[in-house]
Amino acid sequence: MAHNVFADRRTRFLDAMEDGVAVFKSWPVHVRNGDVDHPYRTNSDLFLLTGFDEPETMAVLVKRGADRKYVLFVRPRDPEMETWVGKRAGTEGAIRDFGADEAYDSALFFDRLPGLLTNQPRLYLEFGLDVAFEGRVSLAIEALKGEARKGLCGPWQIIDPRSILWDMRVVKSAHDVQVIEDACAITVAAFRAAMQAATPGMNEGELAAVVEFEFRRRGAHRVAFETICASGANAATLHYIRNDATLGDGDLVLIDAGAERNMMSADISRTFPTNGRFTPLQRRVYEWVLKAQEAAIAAVKPGTTYAKVHEAGLKVLVEGLVDLGALKGKPRSLIETGAYRPYFMHRIGHWLGSDVHDVGPYFVDGASIPLRAGMVITIEPGLYFADAPATPKALRGIGIRIEDDVLVTDKGRRVLTEALPKTVDDIEALMADRGAWWRTVQPVTVPAGKKAKKSAKPEKAGKAKKKSS
Ligand code: GLY
Ligand code: MN
Ligand code: MN
């Protein structure tokens with residue numbers, strides 16, 4: 001990604017902040033066990049302003065009128081550690097490759113902080129995330145106030161920079177949309193593969209692996225969240241990630257998955273029959289969910305509120321629940337009393353971006369916020385019939401969610417994931433040759449990565465082999 005994307009974001013952030021100093025800190029590394037860490041992913045706010053994804057990083061932005069400074073505190077180069085876990089940018093790389101005006105070893109952060117904060121009117125710091133770090137910053141400010149007779153003072157105000165940054169994040173730039181579209185295209189291809197790979201008798205985990213295999217070979221850097229592959233009644237568990245059951249013949253399987261590429265996410269759900277053909281009842285339930293999704297998507301446009309989009313989908317789902325015999329009564333009063341909640345217990349969707357459940361307000365002063373061009377929202381209604389005594393018998397074990405990623409445009413909307421089939425007929429057509437994916441797997445050319453250096457010329461290795469044989 002070009003670094004000016006990050007420089008542009010820093011400029012926009014600095015333009016919006018008042019004079020002072022902003023500090024952003026990376027997430028800590030979490031140990032899994034032994035010498036093994038959980039896969040690392042840094043703080044999205046820090047990344048979006050810097051492009052820097054290493055742990056133990058602090059980014060500092062200083063603004064004083066027209067004067068601006070960008071300082072990175074990073075892990076220093078360390079040949080031994082780099083031998084074990086890979087290259088570091090170091091302070092030189094932070095300046096050369098990431099545009100910092102100054103860069104220091106992160107171990108020096110608290111030595112340099114008083115100098116950065118002296119006589120600054122305010123500090124912007126994300127609080128509530130790392131209280132030990134925040135406590136040390138507070139003590140540094142307090143120590144500065146003790147130097148008043150020398151003419152020194154620390155900031156009087158601490159402001160959470162997310163009050164600025166999250167407003168920036170909720171409305172995507174053209175560049176952000178392009179990166180989300182890349183993640184969506186990878187995810188669409190992976191879902192097509194899964195639909196063509198699925199067959200009764202497979203394990204949910206095996207099908208999830210097909211999705212993630214396609215993510216990886218098409219250039220995803222990681223999953224945006226743990227892949228959900230839920231067959232039969234497992235689909236009634238909204239974030240089911242055990243993925244260890246066998247796909248039953250005649251069951252539906254719900255996959256909810258998303259690729260992450262360049263720190264931007266996709267998030268798609270599709271539900272399809274493991275054997276390629278919906279039963280008449282599955283089809284009926286499915287078509288109610290689809291109708292609800294279409295109604296909610298049609299409601300997406302600038303000026304409409306998030307609440308109105310939710311209501312558009314909910315209204316159809318409740319009509320469906322009455323039609324299917326799961327509820328009795330007038331849809332309006334079933335909505336008012338919340339009687340539908342055992343079968344639809346979440347909201348219509350969420351902002352999508354760097355985080356799969358992306359940041360940004362949904363309500364301001366109690367009022368649902370209006371949609372604006374550039375927002376990206378998932379639309380994901382579902383009906384979930386748990387295998388439980390309270391569920392009407394015929395419907396037990398059917399769980400359906402249909403989820404697409406929708407960009408709000410000047411005139412209305414664009415569904416970024418519309419290339420993926422979702423009508424019953426289109427899904428059945430795609431699955432007509434059930435299991436076909438397994439016959440079509442071939443290496444594809446992934447976007448060029450870094451070339452590993454060769455240690456020996458292949459001809460030499462060949463000759464050596466000949467001699468010894
Ligand atoms: N993938 C989680 C969700 O759809 O919200
Ligand atoms: Mn979602
Ligand atoms: Mn999802």
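Annotation: salt bridge (charged side-chain N to carboxylate O under 4.0 Å, His left out) contacts of R112 (sequence neighbours excluded): none. With sequence neighbours excluded, the residues that form a side chain to side chain donor-acceptor pair (under 3.5 Å) with D426 are T423. In this structure E204 satisfies the salt bridge (charged side-chain N to carboxylate O under 4.0 Å, His left out) test with no other residue, sequence neighbours excluded. A search for side chain to side chain donor-acceptor pair (under 3.5 Å) contacts involving D355 returns S44, R169, not counting sequence neighbours. Residues meeting the ring pair (Phe, Tyr, Trp, His ring centres under 6.0 Å) test with H346, sequence neighbours left out: F344, Y384. Annotation: side chain to side chain donor-acceptor pair (under 3.5 Å) contacts of R372 (sequence neighbours excluded): none. Qualifying salt bridge (charged side-chain N to carboxylate O under 4.0 Å, His left out) partners for R413, counting only residues two or more places apart in sequence or in other chains: none. Residues meeting the ring pair (Phe, Tyr, Trp, His ring centres under 6.0 Å) test with Y362, sequence neighbours left out: Y306, W351. For H350, the ring pair (Phe, Tyr, Trp, His ring centres under 6.0 Å) criterion is met by H357, not counting sequence neighbours. Checked against salt bridge (charged side-chain N to carboxylate O under 4.0 Å, His left out), E403 has no partners two or more places apart in sequence or in another chain.
Donor-acceptor pairing under 3.5 Å is recorded for the side chains of R434 and T199. Using modelled atom types and a 3.5 Å distance limit, the side chains of S173 and D176 yield a donor-acceptor pair. Side-chain contact, N43 with E126: a donor N or O sits under 3.5 Å from an acceptor N or O. At a cut-off of 3.5 Å, with distance as the only test, a side-chain donor of E212 or T227 sits close to an acceptor on the other residue. A donor-acceptor pair shorter than 3.5 Å can be found between the side chains of N234 and Y240.
Side-chain N or O atoms of D160 include none that pairs as donor or acceptor with a backbone N or O of S163 at under 3.5 Å. With R162 contributing its side chain and L125 its backbone, the two residues share no donor-acceptor pair below 3.5 Å. No donor-acceptor pair closer than 3.5 Å links the side chain of H38 to the backbone N or O of H30. Counting only distance, with no hydrogens or angles, the side chain of S265 and the backbone of G353 share a donor-acceptor pair below 3.5 Å. Checked by atom type and distance alone, the side chain of S26 pairs as donor or acceptor with a backbone atom of E56 at under 3.5 Å. With hydrogens and angles disregarded, no donor-acceptor distance shorter than 3.5 Å links the side chain of T304 to the backbone of V300. Formation of a donor-acceptor pair under 3.5 Å by the Q196 side chain with backbone atoms of L430 is found in this model. No side-chain donor-acceptor contact under 3.5 Å links D37 to the backbone of V29. Using a distance-only test at 3.5 Å, with no hydrogens or angles considered, a donor-acceptor pair links the side chain of K172 to the main chain of L352. At least one donor-acceptor pair under 3.5 Å links the side chain of R401 to the backbone N or O of L238.
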Checking T417 against T187 for the side-chain contact (heavy atoms from CB on, under 4.5 Å) test, could you report, in this order, the C-alpha distance in whole Å, the side-chain angles of both residues, the deciding distance, and whether it holds?
CA-CA 8 Å; T417 46; T187 308; over 6 Å; no
I would like to know whether L46 and T57 meet side-chain contact (heavy atoms from CB on, under 4.5 Å); could you show each step before the answer?
CA-CA 9 Å; L46 169 72; T57 303; 4.2 Å; yes
Apply salt bridge (Lys or Arg N to Asp or Glu O under 4.0 Å) to D19 and R122, showing your working.
CA-CA 7 Å; D19 281 2; R122 51 189 72 78; over 6 Å; no
For I268 and L420, run side-chain contact (heavy atoms from CB on, under 4.5 Å): C-alpha distance rounded to whole Å, both residues' side-chain angles, the deciding distance at 0.1 Å, then the answer.
CA-CA 9 Å; I268 297 180; L420 185 61; 3.7 Å; yes
Hey, mind stepping through S106 and M58 against side-chain contact (heavy atoms from CB on, under 4.5 Å) and telling me if it holds?
CA-CA 7 Å; S106 27; M58 270 73 66; 4.0 Å; yes
Step by step, work out the salt bridge (Lys or Arg N to Asp or Glu O under 4.0 Å) result for R41 and D53.
CA-CA 7 Å; R41 185 189 188 278; D53 64 2; over 6 Å; no
Checking K25 against D130 for the salt bridge (Lys or Arg N to Asp or Glu O under 4.0 Å) test, could you report, in this order, the C-alpha distance in whole Å, the side-chain angles of both residues, the deciding distance, and whether it holds?
CA-CA 9 Å; K25 183 179 179 296; D130 181 341; 3.0 Å; yes
Do E54 and R75 pass the salt bridge (Lys or Arg N to Asp or Glu O under 4.0 Å) test, and can you show the C-alpha distance, the side-chain angles, and the key distance before you say yes or no?
CA-CA 8 Å; E54 294 184 25; R75 300 179 308 180; 3.1 Å; yes
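Taking a cutoff of 4.0 Å between a charged side-chain nitrogen and a carboxylate oxygen, E181 and R414 qualify as a salt bridge. We find that E82 and R88 are not joined by a salt bridge, their nearest charged nitrogen and carboxylate oxygen being 4.0 Å or further apart.
Going from atom NZ of K69 over to atom CG of D101 covers 8.0 Å, rounded to the nearest 0.5 Å. The distance from atom CZ of F363 to atom CD1 of I369, rounded to the nearest 0.5 Å, is 9.0 Å. Atom CE of M375 sits about 8.5 Å away from atom CD1 of I377, to the nearest 0.5 Å. Note that CG of D256 and CG of L254 are 6.5 Å apart. Values are rounded to the nearest 0.5 Å.
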Which donor-acceptor pairs under 3.5 Å do the side chains of residues 59-68 make with protein atoms, sequence neighbours left out?
unit_1: K63; atom_1: NZ; unit_2: L14; atom_2: O; d: 2.8
unit_1: K63; atom_1: NZ; unit_2: M17; atom_2: O; d: 2.6
unit_1: R64; atom_1: NH1; unit_2: N119; atom_2: O; d: 2.9
unit_1: R64; atom_1: NH1; unit_2: Q120; atom_2: OE1; d: 3.1
unit_1: R68; atom_1: NH1; unit_2: D15; atom_2: OD1; d: 2.9
unit_1: R68; atom_1: NH2; unit_2: D15; atom_2: OD1; d: 2.8

Which pairs of donor and acceptor atoms, one on a side chain in residues 145-155, lie under 3.5 Å apart (sequence neighbours left out)?
unit_1: K145; atom_1: NZ; unit_2: P155; atom_2: O; d: 3.3
unit_1: E147; atom_1: OE1; unit_2: K150; atom_2: NZ; d: 2.7

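Shown here is E102, whose CD atom has more than 12 heavy atoms of other residues, nucleotides or ligands within 6.0 Å.
Scanning both residues, A373 and D410, for their nearest heavy atoms gives CB-OD1, 3.4 Å. Contact record, A190 with V211: CB-O, 3.6 Å, taken as the closest heavy-atom pair. Of all non-hydrogen atoms in I186 and G219, the two that sit nearest each other are CD1-C, 4.0 Å. In terms of heavy atoms, W27 sits closest to Y40 at O-OH, 2.6 Å.
The aromatic ring centres of F98 and Y70 sit 6.0 Å or more apart.
Of the listed residues (F109, F24, F52, F110), just one forms a ring pair (Phe, Tyr, Trp, His ring centres under 6.0 Å) with F73, and that residue is F109.
A 4.5 Å side-chain heavy-atom check between T271 and K422 finds every atom pair outside the cut-off. For the pair D405/V415, no side-chain contact is recorded, criterion being any heavy-atom separation below 4.5 Å from C-beta on.
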